[in-house]
Amino acid sequence: MGVRPPGLATECVRPLPGDEGKAALLGDLLAILLRPYDDMGASSGRIRGSVPRMGVGEAAATTLALVVHELATNSPKYGALSVPIGTLDVSGTDQEENLIMAWTERSGPTLKPPSGPGGTEASCWSGR
């Protein structure tokens with residue numbers, strides 16, 4: 001499978017007018033990162049995105065690319081995209097100066113609790 005490394009997501013980061021730095025549109029960034037997983041035959045059309053039209057700075061784009069890449073590579077192995085009827089929805093809302101994103105996988109395999117110590121925990125991060 002020809003999955004693009006997260007570093008190539010910065011291709012869509014473009015200079016802003018003047019000395020304002022660089023930014024990419026959030027929707028464009030997600031489209032580039034998720035495209036390899038939506039073109040996998042049976043997965044075609046099972047990934048949906050709905051995010052606000054907003055810019056993502058260069059540093060935040062790299063961080064976001066790494067997180068999305070990790071989640072996206074796990075979904076076809078263990079998550080919703082590992083079964084024919086599974087779907088993935090990525091959504092976001094702009095709350096003041098924060099972006100709240102939701103990664104929702106539906107109709108995937110049944111989750112099993114960890115059998116030993118540890119587990120997973122979601123955390124909040126800021127990519128400003």
Side-chain angles (χ1 to χ4, degrees):
M1 165 176 31
V3 177
R4 297 168 63 106
L8 295 180
T10 57
E11 291 174 3
C12 65
V13 176
R14 302 285 182 242
L16 294 173
D19 293 327
E20 297 178 38
K22 296 180 180 181
L25 288 176
L26 176 60
D28 292 347
L29 182 61
L30 289 174
I32 286 171
L33 293 166
L34 296 174
R35 184 177 304 127
Y37 305 96
D38 205 25
D39 290 341
M40 293 172 37
S43 297
S44 184
R46 296 191 303 153
I47 298 175
R48 295 180 292 272
S50 176
V51 294
R53 183 173 173 81
M54 65 185 303
V56 177
E58 191 171 16
T62 300
T63 303
L64 183 61
L66 291 170
V67 171
V68 170
H69 180 73
E70 181 65 24
L71 292 170
T73 56
N74 284 330
S75 187
K77 294 180 201 173
Y78 316 109
L81 297 181
S82 70
V83 296
I85 61 169
T87 61
L88 168 61
D89 291 303
V90 181
S91 61
T93 57
D94 185 6
Q95 294 185 357
E96 298 176 21
E97 291 189 18
N98 296 307
L99 171 66
I100 308 299
M101 289 192 65
W103 181 280
T104 307
E105 298 190 34
R106 291 188 176 85
S107 301
T110 303
L111 297 176
K112 298 174 189 154
S115 59
T120 59
E121 179 179 312
S123 62
C124 296
W125 57 271
S126 175
R128 291 181 194 196

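The structure presented is a predicted model; accordingly, all values stated were derived computationally and were not measured.
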Peer 1: Main chain of Gly86, side chain of Arg46: is a donor-acceptor contact present, judged purely on distance under 3.5 Å?
Peer 2: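 Side chain of Arg46 to backbone of Gly86: a pair is present.
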
Peer 1: Only counting residues at least two apart or in another chain, list the ones meeting side-chain contact (heavy atoms from CB on, under 4.5 Å) with Leu99.
Peer 2: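 Partners of Leu99 by the side-chain contact (heavy atoms from CB on, under 4.5 Å) criterion, ordered by chain and then number, come out as Leu26, Pro52, Met54, Met101.
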
Peer 1: Of all residues at least two apart in sequence or in a different chain, which pass the side-chain contact (heavy atoms from CB on, under 4.5 Å) check with Thr104?
Peer 2: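 Scan of Thr104 (side-chain contact (heavy atoms from CB on, under 4.5 Å), adjacent residues dropped) gives Asp89, Ala102, Arg106.
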
Peer 1: Between the side chain of Asn98 and the main-chain N/O of Asp94, is any donor-acceptor distance below 3.5 Å?
Peer 2: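 Side chain of Asn98 to backbone of Asp94, a donor-acceptor pair under 3.5 Å: no, none is there.
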
Peer 1: Would Thr87 and Glu105 count as having a side-chain donor-acceptor pair, cut-off 3.5 Å?
Peer 2: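 Short answer, no.
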
Peer 1: Is the closest side-chain heavy-atom distance between Val68 and Val90 below 4.5 Å?
Peer 2: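 Answer no - side chains too far apart.
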
Peer 1: Any chance you could measure Leu66, atom CG, to Leu71, atom CG, to the nearest 0.5 Å?
Peer 2: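 The CG atom of Leu71 is 11.0 Å from CG of Leu66, to the nearest 0.5 Å.
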
Peer 1: Do any N or O atoms from the side chain of Ser75 and from the backbone of Ala72 form a donor-acceptor pair under 3.5 angstrom?
Peer 2: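 The answer is no, because no donor-acceptor pair under 3.5 Å joins these two groups.
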
Peer 1: Any side-chain heavy atom of Tyr37 sitting closer than 4.5 Å to one from Leu88?
Peer 2: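 They are not in contact (no side-chain heavy atoms under 4.5 Å apart), so the answer is no.
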
Peer 1: Please give me the minimum heavy-atom distance between Pro109 and Val83, naming the atom from each residue.
Peer 2: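 Distance-wise, the nearest heavy atoms are CD-CG1, 4.2 Å.
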
Peer 1: Atom OG1 of Thr73 and atom CG of Leu81: how far apart are they, to the nearest 0.5 Å?
Peer 2: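 Answer rounded to 0.5 Å: 11.0 Å.
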
Peer 1: Measure the shortest side-chain to side-chain distance between Leu64 and Leu29 over non-hydrogen atoms and say whether it is less than 4.5 angstrom.
Peer 2: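 Yes, at least one pair of side-chain atoms sits under 4.5 Å.
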
Peer 1: Which distance, rounded to the nearest 0.5 Å, do you find between the NE2 of His69 and the CG of Leu33?
Peer 2: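 Nearest 0.5 Å value for the NE2-CG distance: 9.0 Å.
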
Peer 1: Does Leu30 offer a backbone N or O that forms a donor-acceptor pair with the side chain of Arg35 under 3.5 Å?
Peer 2: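 The answer is no, because no donor-acceptor pair under 3.5 Å joins these two groups.
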
